[in-house]
J.: 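Sharing a structure with you now.
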Amino acid sequence: MSNNKPQQVITRFAPSPTGDLHIGGARTALFNYLFAKRHNGKFLLRIEDTDKARSTPQAVAAILDGMAWLGLEADEPPIYQAQRANRHAEVAHELIASGKAFKCYLTPEQATIQREKAMAAGHAFRSPYRDGDHQNNFSPFVVRLRAPDDDVAIIIDDKVQGPVRTMGKDLDDMVLLRTDDSPTYMLAVVVDDYDMKITHVIRGDDHLTNAARQSVLIDALGWQRPIYAHIPLIHGSDGKKLSKRHGALAVGEYEKMGYLPEAMLSYLLRLGWAKGDLDIVPIAEAIEIFDLEGLGKSPSRLDFDKLAQVNAFFMQLADDKRLLEMVRKWAERSQIEIADTDFTKILAAMPILKARAKLIPDLLEQSEFIWAKTPMQFTPKARELVGGFGKEVVTHAATILKELSNWDIEMLRLSLSNLATEKNVGMGKIAPALRAALTGGLVAPDIAQTMEILGKNEVSARLDYATKI
RNA sequence: GGCUCCUUCGUCUAUCGGUUAGGACGCCUGAUUUUCAAUCAGGAAAGACGGGUUCGACUCCCGUAGGGGCUGCCA
């Protein structure tokens with residue numbers, strides 16, 4: 001186990017391409033990425049496609065897209081496990097030669113019966129072929145690893161779970177090579193991790209017991225075990241296993257809902273990892289401080305409120321033009337047509353808009369007062385506000401504002417407060433009417449800001465129209 | 001069934017034997033006398049349960065309950 005040469009840290013994310021990259025996988029990838037970066041190591045990607053029946057190229061693409069969107073790029077091109085089948089078979093045969101593995105001629109049906117019998121006896125499955133020599137048997141066979149004796153203890157010193165002990169009696173003679181000579185997951189991971197020189201395996205704790213089984217294999221090969229860190233799975237909001245209903249959605253779905261990738265990353269980081277009182281940790285900072293010690297042992301649940309809040313935080317940091325492009329995309333998706341002149345206004349208003357938004361679509365909604373078709377549709381309430389005294393205010397304001405030479409925020413604020421003074425009332429009496437006149441009842445920022453954003457001509461037109469309805 | 005992991009406010013979590021159990025989201029109240037939001041100021045809110053160990057346990061040990069995982073020629 002001792003190694004006097006400092007090894008370069010190499011981690012990997014190894015999804016099976018049987019579906020989209022969902023939130024749990026993304027978090028696992030993130031932890032591996034962060035750990036590698038923290039130690040100036042490498043982060044690799046391996047597609048575990050040894051299950052031919054369930055693996056699809058679409059899923060591979062979805063995973064790659066998801067990783068790219070999140071910015072979790074691997075340092076080398078992905079390794080496709082199925083392409084390494086020959087290497088896997090070679091290792092299995094070495095194991096047979098050394099007596100650590102054997103050919104098992106049990107049919108699947110026979111194996112099932114044996115397994116049930118063993119289980120009933122409180123013991124793991126053992127093949128009747130594990131000890132004998134069956135050179136003359138030419139029936140189809142699988143290659144199985146000969147499990148350790150009953151009282152042999154396998155200790156995994158897990159960085160998250162602590163030392164975990166498994167007894168030999170609980171380990172079965174697991175299949176390494178199928179009847180068709182293709183490798184199983186257990187063989188493939190071990191061989192690939194070794195060939196890829198993986199030093200740290202950070203993965204879901206659904207693999208915790210597998211770590212013991214894999215360690216037996218690794219020991220049989222005389223290789224060095226990687227350091228393990230098994231992180232708890234993410235649960236749904238009801239504490240049950242994560243499902244689609246809970247948000248086990250593809251990361252692409254989060255993109256469509258209007259979350260920023262950096263927000264997803266930052267949220268995911270804190271789901272199961274902590275460092276004192278730190279709350280929102282941007283990824284660049286996480287690279288400096290991420291450690292295995294901060295990983296929690298208990299499963300966590302998704303909280304969309306918190307996610308939204310984190311997203312709001314990153315939206316405020318986001319570049320206005322980038323945000324504008326996203327608004328454009330959402331508008332297209334919702335089949336809302338927005339004129340270029342309005343996009344210009346939206347961009348100018350972005351610092352104000354983004355401070356009020358949680359998700360990207362909020363930007364679209366909250367800018368409706370800019371792009372809504374004019375003349376405005378008035379809500380009943382707004383219509384009421386521009387009547388009576390409101391009408392007087394709007395008319396008066398229209399006159400004053402038309403004479404303004406400088407259309408800037410200070411000027412507008414001053415004019416508005418002068419107007420209030422003239423009318424001998426507070427802002428509370430005039431702002432609602434003006435707001436209604438300018439927006440028809442839509443939400444909008446501060447009234448002076450709204451005017452500045454809309455521009456002199458537009459404000460004039462809207463005020464004039466409001467006096468006529 | 002066997003083995004194994006987990007359990008602090010509603011949620012994410014801090015605490016690594018001695019704290020008024022801290023922070024964040026959400027929630028409630030108030031403020032900004034211009035909507036909605038944002039912001040600011042307050043507030044309510046937690047150690048699953050039962051035994052030990054100890055001068056002293058959220059923290060260590062055992063058990064119970066609840067939840068997760070593995071037990072495949074799936075990964």
Side-chain angles (χ1 to χ4, degrees), chain A residues 14-18 48-51 53-55 81 104 106-108 111-112 115 118-125 140-144 158 160-162 164-167 169-172 174-180 182-186 188-189 204-210 212-213 230 232-233 235 237 239-241 267 270-280 293 296-310 312 316 352-353 355-358 362 365-366 381-382 385 416 426-436 439 441-448 450:
Chain A
S16 61
T18 52
E48 308 220 315
D49 50 357
T50 49
D51 184 348
R54 296 199 305 149
S55 300
Q81 200 159 54
C104 171
L106 248 31
T107 63
T112 304
R115 179 176 306 109
M119 201 182 272
H123 197 287
F125 165 82
F141 63 87
V142 294
V143 176
R144 289 181 187 274
D158 193 273
V160 175
Q161 312 289 345
V164 178
R165 193 181 67 166
T166 306
M167 299 306 293
K169 76 179 253 293
D170 298 314
L171 263 15
D172 62 346
M174 64 183 182
V175 174
L176 264 22
L177 234 42
R178 303 186 182 105
T179 311
D180 66 358
S182 67
T184 59
Y185 160 77
M186 291 292 173
V189 217
D205 71 5
D206 48 337
H207 286 290
L208 181 58
T209 43
N210 287 337
R213 314 173 78 205
H230 288 91
L233 268 13
H235 285 186
S237 45
K240 300 284 187 188
K241 196 178 169 181
Y267 174 72
R270 288 287 287 102
L271 211 53
W273 181 84
K275 184 114 180 164
D277 276 345
L278 288 180
D279 186 26
I280 296 179
E293 290 70 36
K297 303 176 79 165
S298 54
S300 44
R301 313 177 185 198
L302 239 33
D303 180 358
F304 282 91
D305 285 328
K306 177 76 182 188
L307 212 204
Q309 191 272 146
V310 173
Q316 303 211 37
I352 294 163
L353 292 172
R356 304 158 55 87
K358 280 186 155 59
D362 294 345
E365 278 177 39
Q366 291 173 11
K381 172 98 181 172
L385 284 168
L416 256 25
M427 277 294 274
K429 290 289 180 193
I430 65 164
L434 291 171
R435 180 181 295 284
T439 68
L442 293 171
V443 303
D446 168 84
I447 190 72
T450 298

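All values below were derived from every heavy atom in this structure, side-chain atoms included, with hydrogens, water molecules and symmetry-related copies excluded. By convention in this document, chain letters (A, B, ...) are assigned in the order of the sequence lines, proteins followed by strands, and residues within each chain are numbered from 1.
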J.: Return the nearest nucleotide to the side chain of Asp305(A); candidates are G26(B), G68(B), A75(B).
T.: G26(B)
J.: Check every atom of C73(B), G72(B), A75(B) against the side chain of Thr179(A) and return the nucleotide holding the closest atom.
T.: C73(B)
J.: For A44(B), give its Watson-Crick or G-U wobble partner with both distances under 3.5 Å, or none.
T.: none
J.: Heavy atoms only, 4.0 Å cut-off, all strands: where does Gly272(A) land among base, sugar-phosphate and nothing?
T.: sugar-phosphate
J.: Sequence neighbours excluded, which residues qualify as salt bridge (charged side-chain N to carboxylate O under 4.0 Å, His left out) partners of Asp362(A)?
T.: none
J.: Nearest to the side chain of Asp51(A), heavy atoms from C-beta on, is which of G72(B), U4(B), A75(B)?
T.: A75(B)
J.: In the strands shown, is A57(B) matched to any nucleotide by a Watson-Crick or G-U wobble pair with both distances under 3.5 Å, and which?
T.: none
J.: Any chance you could list the contact pattern along nucleotides 29-47 of chain B? Use B for base contacts, S for sugar-phosphate-only contacts and - for none, protein heavy atoms under 4.0 Å, 5' to 3'.
T.: -----BBBBS---------
J.: Assign His207(A) to base, sugar-phosphate, or nothing according to its heavy-atom contacts below 4.0 angstrom with the strands shown.
T.: base
J.: Just how far is it from atom OG1 of Thr209(A) to atom NE2 of His230(A), taken to the nearest 0.5 Å?
T.: 8.5 Å
J.: Should the pair Arg115(A)-Asp172(A) be classified as a salt bridge under the 4.0 Å nitrogen-to-oxygen rule?
T.: no
J.: Anything under 3.5 Å between a protein N or O and an N or O of nucleotides 19-23 of chain B, put it in a table, one pair a line.
T.:
residue	atom	partner	partner atom	Å
G22(B)	N2	Asp277(A)	OD1	3.0

J.: Taking C-beta and beyond as the side chain, do Val310(A) and Lys306(A) meet within less than 4.5 Å on heavy atoms?
T.: yes
J.: Taking the side chain of Met119(A) as heavy atoms from C-beta outward, which of G1(B), C5(B), A75(B) is closest to it?
T.: G1(B)
J.: When you measure from the side chain of Ala274(A), which nucleotide among C3(B), A14(B), U71(B) comes out closest?
T.: A14(B)
J.: Please determine, for the side chain of Asp206(A), which listed nucleotide (C70(B), A14(B), G72(B)) has the closest atom?
T.: C70(B)
J.: Hey, does Leu106(A) reach any base, or is it just sugar-phosphate, or nothing, if we go heavy atoms under 4.0 Å?
T.: base
J.: Suppose we define a pair by two distances each less than 3.5 Å, Watson-Crick or G-U wobble; what does A21(B) pair with here?
T.: none
J.: Please tell me if the side chains of Tyr185(A) and Asp51(A) come closer than 4.5 Å, counting only heavy atoms from C-beta onward.
T.: no
J.: Whom does U7(B) pair with, Watson-Crick or G-U wobble, provided both distances fall under 3.5 Å?
T.: A65(B)
J.: So if I take every side-chain heavy atom of Thr209(A) and compare against G2(B), C70(B), A14(B), which nucleotide ends up nearest?
T.: C70(B)
J.: What is the distance, to the nearest angstrom, from the CZ atom on Arg54(A) to the P atom on C73(B)?
T.: 14 Å
J.: Taking a pair as Watson-Crick or G-U wobble with both distances under 3.5 Å, which nucleotide is matched to C70(B)?
T.: G2(B)
J.: Could one point to a donor on the side chain of Ser300(A) or the base of C12(B) with an acceptor on the other under 3.5 Å away?
T.: no
J.: With heavy atoms under 4.0 Å as the rule, sort Pro108(A) into base, sugar-phosphate or nothing.
T.: base
J.: From the options C12(B), A75(B), C25(B), select the nucleotide whose nearest atom is closest to the side chain of Arg301(A).
T.: C12(B)
J.: Using Watson-Crick or G-U wobble geometry with both distances under 3.5 Å, which nucleotide pairs with U33(B)?
T.: none
J.: Here's a test of your reading of the structure: between Met186(A) and Gly122(A), which maps to the more 5' nucleotide of RNA chain B?
T.: Gly122(A)
J.: Among the candidates C73(B), C3(B), C5(B), find the nucleotide nearest to the side-chain atoms of Asp170(A).
T.: C3(B)
J.: Is Val164(A) touching bases, backbone alone, or none of the nucleic acid, heavy atoms closer than 4.0 Å?
T.: sugar-phosphate
J.: Which residue lies toward the 5' end of RNA chain B, Asp303(A) or Val160(A), if each is placed at its nearest nucleotide?
T.: Val160(A)
